[in-house]
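If you're wondering where the values come from, they're calculated on a predicted model, not measured in any experiment. FYI, side chains are in, hydrogens and waters are out, and symmetry mates aren't considered; it's all heavy atoms of this structure. Numbers restart at 1 for each chain; the letters A, B, ... are given by sequence-line order, proteins then strands.
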Amino acid sequence: MTASQETVFLHGHIIDSLILAKVLDTILMMGGAFDLQDVKIGATRDAPSQARIVVRASSSRVLADILRAIQPHGATIERDTDCRFEPAPAAGIFPDQFYATTHLPTQIRLDGDWVEVEGMEMDLGISVDPAKARARTLPMGAVRVGDLIVTGREGIRVTPLARPADRDVFGFMESVVSSERPHQPVIADIAQRLQRLRTSHRQGHPGAKVLFAGGPAIVHAGGREALTWLIEADYIHVLFCGNALAAHDMEAGLYGTSLGYGLTAGRSVPHGHEHHLRTINRIRAIGSIHEAVRSGVVTGGIMAACVRRDVRMVIAGTIRDDGPLPGVLTDSMLAQEAMRAEVQGVGLALLVASTLHAIATGNLLPAAVPTVCVDVNPSVPTKLTDRGSFQAVGLVMDAASFLKELARELGWRP
Amino acid sequence: MSRLLVCPPEYFQIDYEINPWMRRENAVVASRAVSQWQALMKVLEQDVGVGVERMQPVPGLPDLVFTANAGVVVGRRAVISRFRYPERRREERYFAQWFREHGYEVLTLEESLYFEGAGDLLGFPDTWFGGYRQRSDIRSFPRLSEIFQREIIPLELIDSRFYHLDTCFCPLSGGELLYLPAAFDSYGLAAIAQRISEERRLAVPEEEAIRFACNAVCVGKQVVIPAGCPRTMHILEARGYHTHPVELDEFMKSGGAAKCLTLALD
């Protein structure tokens with residue numbers, strides 16, 4: 001990709017004259033692809049318009065042919081410059097003009113060469129090591145004084161995602177969030193992916209992990225068994241959740257209630273509101289969720305499945321938490337750091353019934369990771385895509401129905 | 001338009017070949033060239049009634065006679081051409097000198113931007129069209145548009161016989177356009193159609209386009225046109241124009257006719 005991409009600039013009365021159309025058609029006819037950037041249409045008839053076009057081709061030879069063909073129509077190659085960088089003025093502070101990342105694949109130009117930025121994630125800075133010709137993203141809080149941070153916009157190249165070859169729901173990347181959208185075909189596509197990823201993961205392929213981020217509604221709504229089955233069946237490899245999902249899952253195991261409601265009878269149980277507190281207290285006394293499972297106190301459910309299947313868990317706390325359970329990360333920056341470490345190698349993310357965790361996880365994921373966001377409230381997937389995770393497929397449905405249908409698709413027979 | 005810049009053909013001949021019309025063995029008959037040029041002047045001055053400014057011909061510059069390529073003039077500002085071929089580049093300083101001596105503000109484009117004057121830049125009061133690819137560089141038009149505060153629609157010239165816009169495209173004073181559609185690609189034709197309605201687009205037949213039917217000079221309702229283009233004359237007369245055919249075949253040996261031999265000074 002690096003070798004066969006060039007940015008050209010077109011300026012003048014390029015719209016009405018169809019010069020822009022001619023240039024774009026030429027690129028396509030010659031087997032290239034383009035991205036139109038910064039199109040500025042002249043405000044009046046006399047005023048010129050301009051367009052910046054990123055031209056891509058499968059090889060540098062095809063690219064050279066395309067450039068030769070479009071240059072007579074006024075397309076001038078934008079002269080590339082190296083990116084600029086400055087030392088961080090203090091720990092935790094970027095230089096004023098720091099470059100803020102997107103979650104798209106990004107390269108920076110160092111000493112004439114394009115260098116891939118590692119650890120792509122949105123809303124971070126980029127630190128460079130010119131001696132090693134390496135660059136990686138860096139959260140604001142992690143910057144040390146003197147770290148070299150990329151500034152300005154020159155010498156930075158962001159590559160929009162090519163449309164994936166897969167012809168499933170992820171192949172369209174259309175981010176339509178609609179309660180009217182039929183769920184079944186989407187769930188069937190997700191199930192197929194899970195199957196493929198499980199095989200790859202078992203064969204030790206990188207990038208085949210499945211991440212699940214979920215909220216406590218999964219337990220309240222009756223999705224606990226289905227999710228437990230999915231974990232037991234090795235379809236999920238990383239779990240992000242909060243204190244509540246873990247607490248109510250274990251409450252269900254210990255008391256048969258979720259936030260005090262009997263899960264089978266559907267009625268509140270006398271003193272049931274204390275159950276989650278008693279659960280948390282019990283686990284705190286044991287010392288850890290892992291120990292509670294290993295010692296046989298917690299025997300079934302999501303947490304037990306995670307411990308048994310060795311699923312990586314990051315439990316991030318919030319200010320409304322009770323307890324919290326041992327292992328809950330109450331420092332949000334530490335939690336973010338732990339989540340950041342676990343998203344490496346994720347090939348599919350399922351974000352279910354949790355606004356907080358869905359958006360936090362969405363922020364950490366590179367754009368190339370297919371993502372499904374499930375919530376009864378359409379504003380959650382909408383919010384996720386509005387915040388830039390445009391690759392997310394939104395499903396407006398209840399968490400339990402989603403999990404049950406997904407598990408059934410994969411062979412769960414309750 | 002009241003005045004035209006012209007240059008007598010004293011040194012006009014074919015010394016080099018820089019377009020498909022030019023063939024060195026097809027020598028110019030000097031006496032015929034002079035008499036044809038004088039006949040053209042007579043029609044312009046007496047029949048059409050325009051003023052003619054004659055610049056001094058220069059030995060060794062045979063194409064100085066084609067003053068349409070001197071540059072483009074609006075009011076008292078002249079942008080001098082930057083010729084693509086070195087053979088004609090030597091004309092630039094004489095054109096610049098004439099404009100300077102006659103009190104014009106003389107502007108030039110940056111060195112690398114080829115631009116061959118009114119040969120490639122023609123238009124209607126509100127929209128200009130710029131021919132590119134054969135001689136002028138499309139990148140010259142945004143700069144010219146800025147200088148003259150006019151919209152300039154670039155048109156690619158796809159046929160090397162019609163190497164300047166004024167060989168295949170002739171705006172008329174009534175808003176009509178005399179042109180050869182085959183000299184443009186579909187994008188160019190669509191751009192023309194967007195600005196000039198169908199009833200104002202007058203297509204010339206190809207056999208007359210190669211006799212330089214479009215290389216005509218239109219002043220008011222008078223059109224001076226190379227002889228041998230009866231169908232084009234008929235089209236023009238049907239629109240109320242008076243046509244003045246002039247024999248110019250000696251100049252066609254070099255790829256030019258009436259329009260190429262004149263430059264509108266305003």
Legend entry - Non-hydrogen atoms of B:R150 and A:H13 that approach each other most closely: O-CE1, 3.7 Å
Legend entry - A:Q97 CD: over 12 foreign heavy atoms closer than 6.0 Å: no
Legend entry - Neighbour count >12 (heavy atoms, 6.0 Å) for atom CZ, A:R109: yes
Legend entry - Side-chain touch B:Y132/A:I19, heavy atoms, less than 4.5 angstrom: yes
Inset, instruction - With a 4.5 Å heavy-atom cut-off (strictly below), which parts of residues 180-192 of chain B touch chain A? List them by number. - result: B:D185, B:Y187, B:A190, B:A191
Inset, instruction - Pick one of side chain, backbone, both or neither for A:P72, based on which atoms fall under 4.5 Å of a heavy atom in chain B. - result: both
Inset, instruction - Using a cut-off of 6.0 Å, state whether more than 12 heavy atoms not belonging to A:D111 lie near its atom CG. - result: no
Inset, instruction - Output the option from A:G42, A:S17, A:G12 having the highest count of non-hydrogen pairs under 4.5 Å with chain B. - result: A:S17
Inset, instruction - Give the member of A:L18, A:T44, A:L10, A:T76 that has the highest number of heavy-atom pairs under 4.5 Å with chain B. - result: A:L18
Legend entry - Heavy atoms from other residues, nucleotides or ligands near CZ of B:R89 exceed 12 (cutoff 6.0 Å): yes
Legend entry - More than 12 heavy atoms from other groups under 6.0 Å of CZ on B:R76: yes
Inset, instruction - Decide if atom CD of B:E199 counts as having more than 12 heavy atoms of other residues, nucleotides or ligands within a radius under 6.0 Å. - result: yes
Legend entry - Toward chain A, the part of B:R143 with a non-hydrogen atom under 4.5 Å: neither
